[in-house]
Amino acid sequence: MLSEDEVKNLITDLESSRVERTISTDKTDKFSEAICAFANDYPNHQKPGYLLIGVDDQGKLANMQISDETLRKLADIRHNGQILPQPAMSVERYVLPEGEVAIVEVSPSRQPPVRYKGKVWIRTGPSKAVANETEERRLIEKRSITARTFDAQPCYEASLGDISLELFQLNYLPSAIDRETLLQNHRSTEQQLASLRLYDLRHHCPSHAAILLLGLNPLFFLQGAYIQYVRFDALTMSNEQLINEKRFSGALIDVAKRLEDFLQDNVIIEQNRRKSAFKERKNYNYPLWALRELLMNAVIHRDYESNAPIHLYEFADRIEIQNPGGLYGDARPENFPKVSDYRNPILAEAMKNLGYVNRFNFGIFNAQAELEKNGNPPAKFQVDIANKFLVTIYRQTS
């Protein structure tokens with residue numbers, strides 16, 4: 001939290017390119033563009049940028065009152081999935097004698113370029129603008145030095161021929177980049193991939209994220225990159241009661257759709273119809289949306305350096321999803337699921353772009369709500385297993 005003197009310096013320093021001021025309280029696009037630009041840190045300050053709400057362009061407080069609703073809307077920008085990768089930011093209200101001010105502090109991203117609604121915004125002096133191709137390339141080059149997560153790292157053994165460019169051009173690119181930018185795009189395929197953290201221009205190879213999302217044969221490079229489904233007509237694992245098994249492998253863009261179709265056709269069963277307030281309502285053994293959300297959670301958060309797959313076990317009374325890799329980063333047993341962190345932020349971004357994730361950090365809460373709505377018991381999470389994460393979803397029985 002900033003001191004009062006630090007706040008006053010931010011308000012009055014009109015020359016700083018790390019500060020943007022506004023007296024608007026409902027301009028979400030304007031706020032998001034500023035946050036995106038600060039996250040990209042194009043001038044390479046390597047320091048936070050600040051969005052000040054309640055201060056005019058001359059550095060004077062507008063004698064405003066900052067409501068809790070305004071603070072909530074500002075904080076929600078981080079989670080709504082419009083800025084990708086997710087920005088690291090905090091929101092605080094400061095009460096000064098001249099009035100109140102809300103300050104959004106935005107840390108530089110380790111995974112630039114950051115986009116808002118498919119566009120890369122940067123600071124150019126005291127103003128912001130959409131980055132041109134040269135500016136975006138500079139951000140890409142900066143990222144190659146700071147990449148930390150496994151999905152962002154280059155897959156040195158792979159080449160452009162190991163990924164499906166058709167999937168990229170027809171399926172993923174239009175979902176990730178706004179149409180106006182695509183129409184003006186004259187960059188090479190490698191540059192297009194690199195702008196979405198799917199190609200390393202320095203080493204001339206796809207990233208691990210590209211192999212997972214678009215790979216022609218991801219298992220050649222990452223032996224555990226598949227989902228193993230097994231169904232038992234019993235309460236425990238039994239070879240005698242094993243009645244179905246299937247492996248889902250290949251590019252995640254395809255796997256996600258095939259998996260959803262499989263669940264719909266082979267796992268989800270309409271059990272009965274419940275009447276409420278003179279209306280008939282369908283009821284299922286498991287709600288599809290909750291299963292899909294929890295499976296996508298496993299895909300996003302699993303450890304892809306492990307040779308073990310994601311296990312999807314269906315028993316007579318429950319479904320278990322087990323993936324390699326326990327809680328990651330800031331997530332701990334004592335704060336889960338209120339606190340989330342991303343082991344594979346590029347995959348998380350891709351699942352959001354493709355529509356498999358609606359909002360960040362809300363997947364588990366939404367899945368629990370869908371289970372309750374369908375009449376299932378709440379899902380249970382076991383987070384104390386070494387290097388593993390297990391979720392159990394119980395069948396609806398009423």
Side-chain angles (χ1 to χ4, degrees), residues 1-131 178 338-340 352 359-362:
M1 190 169 180
L2 299 170
S3 68
E4 185 172 324
D5 286 341
E6 288 173 323
V7 172
K8 290 180 177 179
N9 286 337
L10 290 175
I11 291 171
T12 56
D13 186 0
L14 301 182
E15 302 300 322
S16 177
S17 61
R18 293 171 48 222
V19 180
E20 180 162 332
R21 303 163 185 81
T22 180
I23 57 173
S24 302
T25 59
D26 58 355
K27 305 292 185 182
T28 302
D29 281 334
K30 182 177 181 179
F31 301 158
S32 298
E33 290 165 4
I35 291 168
C36 176
F38 287 134
N40 276 316
D41 188 27
Y42 182 75
N44 203 29
H45 294 300
Q46 299 184 33
K47 295 179 180 179
Y50 297 92
L51 172 64
L52 277 56
I53 293 92
V55 183
D56 65 23
D57 291 338
Q58 304 304 312
K60 294 182 180 180
L61 272 77
N63 195 26
M64 295 171 54
Q65 287 190 330
I66 304 297
S67 68
D68 291 341
E69 178 66 11
T70 297
L71 296 176
R72 187 194 64 76
K73 288 181 179 179
L74 289 168
D76 193 54
I77 291 173
R78 181 177 186 273
H79 303 293
N80 64 18
Q82 297 297 315
I83 301 179
L84 296 170
Q86 216 176 350
M89 53 175 271
S90 62
V91 180
E92 296 284 350
R93 174 171 46 201
Y94 294 86
V95 180
L96 302 176
E98 301 87 351
E100 297 182 1
V101 56
I103 299 183
V104 182
E105 181 179 278
V106 185
S107 298
S109 174
R110 291 184 176 181
Q111 298 287 342
V114 179
R115 299 177 185 275
Y116 172 58
K117 292 185 177 179
K119 292 183 178 180
V120 178
W121 289 86
I122 60 171
R123 300 290 297 188
T124 53
S127 62
K128 61 180 181 290
V130 176
D178 75 290
K338 293 181 179 180
V339 174
S340 180
K352 175 63 178 66
R359 298 179 68 200
F360 290 123
N361 302 343
F362 287 87

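Numbers for residues simply follow the sequence, beginning at 1. Note: hydrogens, waters and symmetry copies are ignored here, and every other heavy atom, side chains too, is used.
- Closest approach of Met64 to Gly54, counting heavy atoms only: SD-CA, 3.6 Å.
- Taking every heavy atom of both residues into account, Ala34 and Leu51 meet most closely at CB-CD1, 4.2 Å.
- Here the shortest heavy-atom pairing between Asn40 and Pro112 reads OD1-CB, 3.8 Å.
- Of all the heavy atoms in Leu61 and Leu96, the pair that sits closest is CD2-CD1, 3.9 Å.
- Atom CD1 of Ile122 and atom NZ of Lys128 lie 12.0 Å apart (nearest 0.5 Å).
- Ser90 contributes atom OG, which lies 8.0 Å from atom OH of Tyr50 (distance to the nearest 0.5 angstrom).
- With sequence neighbours excluded, the residues satisfying side chain to side chain donor-acceptor pair (under 3.5 Å) with Asp178 are Thr181.
- Here salt bridge (Lys or Arg N to Asp or Glu O under 4.0 Å) pairs that include residues 79-91, with residues two or more places apart or in two chains, number zero.
- Counting only residues at least two apart or in different chains, salt bridge (Lys or Arg N to Asp or Glu O under 4.0 Å) contacts with residues 56-68 comprise Asp68-Arg93.
- Judged by distance alone, the side chain of Arg18 and the main-chain N or O of Pro48 form a donor-acceptor pair under 3.5 Å.
- Here Glu69 pairs with Arg72 under the side chain to side chain donor-acceptor pair (under 3.5 Å) rule; sequence neighbours left out.
- Take Gln65 and apply the side chain to side chain contact (heavy atoms under 4.5 Å, CB included) test, not counting sequence neighbours, and it matches Glu100.
- Considering only residues two or more places apart in sequence or on other chains, Arg78 meets the side chain to side chain donor-acceptor pair (under 3.5 Å) condition with none of them.
- In terms of the side chain to side chain contact (heavy atoms under 4.5 Å, CB included) criterion, residue partners of Val91 (sequence neighbours excluded) are, by chain and number, Leu71, Leu74, Ala75, Met89, Val104.
- With sequence neighbours excluded, no residue forms a salt bridge (Lys or Arg N to Asp or Glu O under 4.0 Å) with Glu6.
- Across every non-hydrogen atom of Val19 and Arg123, the tightest pair is O-NH2, 3.3 Å.
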inquiry  = Would Thr28 and Lys73 count as a side-chain contact (heavy atoms from CB on, under 4.5 Å) here? Give the steps.
reply    = CA-CA 8 Å; Thr28 302; Lys73 288 181 179 179; 5.6 Å; no
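- Ile35 approaches Val106 most closely through the heavy-atom pair O-CG1, 3.6 Å.
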inquiry  = Checking His45 against Ser17 for the side-chain contact (heavy atoms from CB on, under 4.5 Å) test, could you report, in this order, the C-alpha distance in whole Å, the side-chain angles of both residues, the deciding distance, and whether it holds?
reply    = CA-CA 9 Å; His45 294 300; Ser17 61; 2.8 Å; yes
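- Going from atom CZ of Phe31 over to atom CD1 of Ile83 covers 12.0 Å, rounded to the nearest 0.5 Å.
- Judged as a salt bridge (Lys or Arg N to Asp or Glu O under 4.0 Å), and not counting sequence neighbours, the contacts of Lys8 are Glu4.
- Ser32 pairs by the side chain to side chain donor-acceptor pair (under 3.5 Å) definition with nothing, not counting sequence neighbours.
- Tyr94 contributes a side-chain N or O that, together with a main-chain N or O of Leu2, makes up a donor-acceptor pair within less than 3.5 Å.
- When the salt bridge (Lys or Arg N to Asp or Glu O under 4.0 Å) test is applied to Arg21, no partner is found at least two apart in sequence or on another chain.
- Under the salt bridge (Lys or Arg N to Asp or Glu O under 4.0 Å) criterion, the residue pairs touching residues 27-48 are Asp29-Lys117, with sequence neighbours excluded.
- For Ser24 (side chain) and Asp26 (main-chain N/O), no donor-acceptor pair under 3.5 Å exists by modelled atom type.
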